[in-house]
Number of protein chains: 2
Amino acid sequence: MEAEILRVAAEELARHGAAALSLRAVAREMGMASSAIYRYVRDRDELLTRLIVAAYTSLGDAVEAAHATVDPADLDGRWWAVGTALRDWARSHPHEYALLYGSPVPDYRAPAEQTNEPGTRVQALLVRLLADAQRVGRLRDAAAGIAPGVQVRAEAAAGPLLDDPFFADAGLDAPAVMAGLAAWTLLLGTVTTELFEQLGDTIPDPDAYFAYMLEVAGRLVLTPATATVHS
Amino acid sequence: MEAEILRVAAEELARHGAAALSLRAVAREMGMASSAIYRYVRDRDELLTRLIVAAYTSLGDAVEAAHATVDPADLDGRWWAVGTALRDWARSHPHEYALLYGSPVPDYRAPAEQTNEPGTRVQALLVRLLADAQRVGRLRDAAAGIAPGVQVRAEAAAGPLLDDPFFADAGLDAPAVMAGLAAWTLLLGTVTTELFEQLGDTIPDPDAYFAYMLEVAGRLVLTPATATVHS
DNA sequence: AAAGAAACAAGAGCACCGCTCACACAAGTG
DNA sequence: CACTTGTGTGAGCGGTGCTCTTGTTTCTTT
């Protein structure tokens with residue numbers, strides 16, 4: 001029953017977006033009185049939370065599936081797989097993506113204890129990617145070759161972050177974490193920009209546009225493969 | 001009168017956000033009957049449009065003011081000024097920023113003829129910055145040193161964009177435009193991430209975090225000059 | 001099998017929203 | 001003076017989230 005509610009709500013979300021999600025509409029769709037819904041859902045916020053978890057799970061499944069098809073030694077291929085899987089999922093689930101990575105729904109705070117774990121699956125994948133890159137010496141500081149002060153900033157910005165087991169378990173240092181965050185931010189920003197048409201739908205070739213951005217983002221964190229291939 | 005409505009609506013927006021903006025609340029605040037508002041505002045969408053234009057203007061003023069204080073020859077300083085002004089404005093006007101660069105308000109499309117010009121002032125500033133960088137030979141392709149295929153992608157992605165007078169007037173080529181877009185995307189993504197606490201409010205030192213990202217974004221588009229670091 | 005408890009569903013109702021309409025009233029204009 | 005124009009009101013429609021009371025069904029315990 002609750003699953004059925006979630007299913008109908010997900011349809012409603014995919015069609016009209018999160019802000020237009022109406023409990024009454026869900027009840028109507030199911031042939032119930034609007035008040036009957038409250039037997040199974042505390043309030044609108046709880047339904048939103050469940051939808052967020054479902055969306056994170058759907059996204060995580062899609063990205064992990066794409067990632068699993070790539071040779072683990074092929075770091076660039078893994079980055080490319082994760083990025084394109086994220087973009088593809090976002091383009092086929094625009095409202096869900098907006099719910100996860102867009103501006104927050106007003107007067108709603110996602111309860112961390114329910115959304116944290118499913119919400120970090122993609123990032124966890126990237127952390128493993130970074131750790132593997134570090135192992136084979138292909139990890140690059142995004143600020144490499146920049147003014148020396150930036151390195152200090154990276155330490156200041158990321159230092160305390162390293163205590164988080166999320167990063168600590170992978171054995172990453174501050175520059176690696178910051179480089180990863182830069183690449184992740186550029187990736188998300190690119191997808192967001194494309195999805196919300198903030199460029200005034202003037203991107204002539206979205207695929208090439210995204211491929212370019214994904215490559216640039218990847219180079220913030222990975223050194224070119226040819227540089228480390230000895231014989 | 002219309003100005004007064006806009007003023008009250010802006011207050012309401014700053015306090016409760018765009019999605020919670022209520023015409024009735026504005027009327028109530030002004031001591032009018034809710035129906036009287038419709039003498040001056042066609043509907044909620046029109047009010048939103050006016051608020052968007054006002055926000056773009058406010059942001060443009062702030063960024064241009066900060067930019068004007070920098071020596072035009074100091075390219076890094078200009079980038080830094082624009083970026084920090086954008087971030088400062090966003091942090092002091094979070095709901096307005098969400099309205100401009102967050103996920104779109106459901107069932108609302110901003111009319112381009114009213115928002116295009118004020119909405120591109122900051123980008124116009126950056127285009128001028130890129131043009132100046134090109135003039136002094138400090139323009140950098142974000143994909144410099146990357147696999148050769150990326151250059152082709154840049155042409156495919158940005159080629160038709162160059163016909164837009166917005167870029168054509170500055171005399172930029174495809175790699176320059178794409179590098180600029182990458183830097184802009186990373187900048188916006190960084191501000192968005194910080195503002196919407198998508199990192200789970202775990203950023204220990206937001207200022208250092210932003211300074212790092214701004215520097216990385218700047219290096220996507222500008223080659224290093226003399227080692228001048230801004231604090 | 002009877003009785004009680006738990007679960008489920010319905011409907012009325014409250015306060016809010018966007019928006020429309022008929023109406024009243026003032027001021028300026030021919 | 002009549003008349004148009006601008007301005008404001010109140011009622012009302014359909015929509016929302018949510019609560020509360022009532023009634024019905026189903027499961028469980030004796």
Side-chain angles (χ1 to χ4, degrees), chain A residues 1-55 95-96 98-99 102-111 114, chain B residues 1-55 95-96 98-99 102-111 114:
Chain A
M1 192 69 191
E2 303 194 4
E4 178 69 7
I5 290 180
L6 201 65
R7 198 188 57 78
V8 173
E11 273 181 23
E12 206 74 6
L13 168 64
R15 241 195 303 271
H16 308 298
L21 180 67
S22 154
L23 279 182
R24 290 181 110 113
V26 173
R28 210 178 304 126
E29 195 83 15
M30 298 183 62
M32 308 173 71
S34 65
S35 53
I37 281 288
Y38 291 87
R39 288 277 163 201
Y40 308 95
V41 174
R42 181 196 306 273
D43 53 13
R44 191 171 174 277
D45 282 6
E46 186 182 302
L47 183 58
L48 266 186
T49 300
R50 295 194 196 172
L51 286 172
I52 287 176
V53 172
H95 287 125
E96 285 90 335
L99 186 56
S103 15
V105 178
D107 297 330
Y108 169 79
R109 284 301 301 160
Q114 293 176 55
Chain B
M1 193 69 191
E2 303 194 5
E4 177 70 7
I5 290 180
L6 201 65
R7 200 188 55 79
V8 173
E11 273 181 25
E12 207 73 7
L13 168 64
R15 242 196 302 272
H16 309 298
L21 179 66
S22 154
L23 279 182
R24 290 181 109 111
V26 173
R28 208 180 304 126
E29 194 84 13
M30 298 183 62
M32 308 172 71
S34 65
S35 52
I37 281 287
Y38 291 87
R39 291 277 171 208
Y40 309 94
V41 174
R42 183 195 305 272
D43 54 12
R44 191 172 175 275
D45 282 4
E46 186 183 302
L47 183 59
L48 266 187
T49 300
R50 294 193 196 172
L51 287 172
I52 287 177
V53 172
H95 287 125
E96 285 90 335
L99 186 57
S103 13
V105 178
D107 297 329
Y108 169 79
R109 283 302 301 160
Q114 293 176 55

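First the proteins, then the strands, lettered A, B, ... as listed; each starts at 1.
The distance between atom CD of Glu29(A) and atom C1' of dG15(D), rounded to the nearest whole Å, is 16 Å. Between Ile37(B) atom CD1 and dC19(C) atom P the separation is 12 Å, expressed in whole Å. Met32(B) has its CE atom 15 Å from the P atom of dG6(D), to the nearest Å. What separates CD of Glu46(B) from P of dG18(C) is a distance of 14 Å, to the nearest Å. dT7(D) atom C1' lies 12 Å from atom CD1 of Ile5(B), rounded to whole Å.
Across Met30(B) and Met1(B), no two heavy atoms sit closer than the pair CE-CE, 4.0 Å.
Within the 3.5 Å criterion, the main-chain N or O of Ala27(B) finds no donor-acceptor partner in the side chain of Ser34(B). Checking side-chain atoms of Arg44(A) against main-chain N and O of Leu21(A) turns up a donor-acceptor pair under 3.5 Å. Side-chain atoms of Thr49(A) never come within 3.5 Å of backbone atoms of Ala110(A) as a donor-acceptor pair (strictly under, hydrogens ignored). Using modelled atom types, one side-chain atom of Asp43(A) and one backbone atom of Glu46(A) make a donor-acceptor pair closer than 3.5 Å.
In this model, the phosphate group of dG6(D) is not approached by any side-chain N or O of Tyr40(B) to a distance below 4.0 Å at OP1 or OP2. Within the structure, every side-chain polar atom (N or O) of Arg28(A) is placed at least 4.0 Å from both OP1 and OP2 of dG14(D).
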Run the side-chain contact (heavy atoms from CB on, under 4.5 Å) check on Val26(A) and Val41(A) step by step: do they pass? CA-CA 11 Å; Val26(A) 173; Val41(A) 174; over 6 Å; no
Return the polar atom pairs (N/O with N/O) between nucleotides 17-21 of chain D and the protein under 3.5 Å, or none.
residue, atom, partner, partner atom, Å
dG17(D), OP1, Leu23(A), N, 2.5
dG17(D), OP2, Ser22(A), OG, 3.4
dG17(D), OP2, Leu23(A), N, 3.3
dG17(D), OP2, Arg24(A), N, 3.0
dG17(D), N7, Arg24(A), NH1, 2.4
dG17(D), O6, Arg24(A), NH1, 3.0
dC18(D), OP2, Arg44(A), N, 2.8
dC18(D), N4, Arg24(A), NH1, 3.4

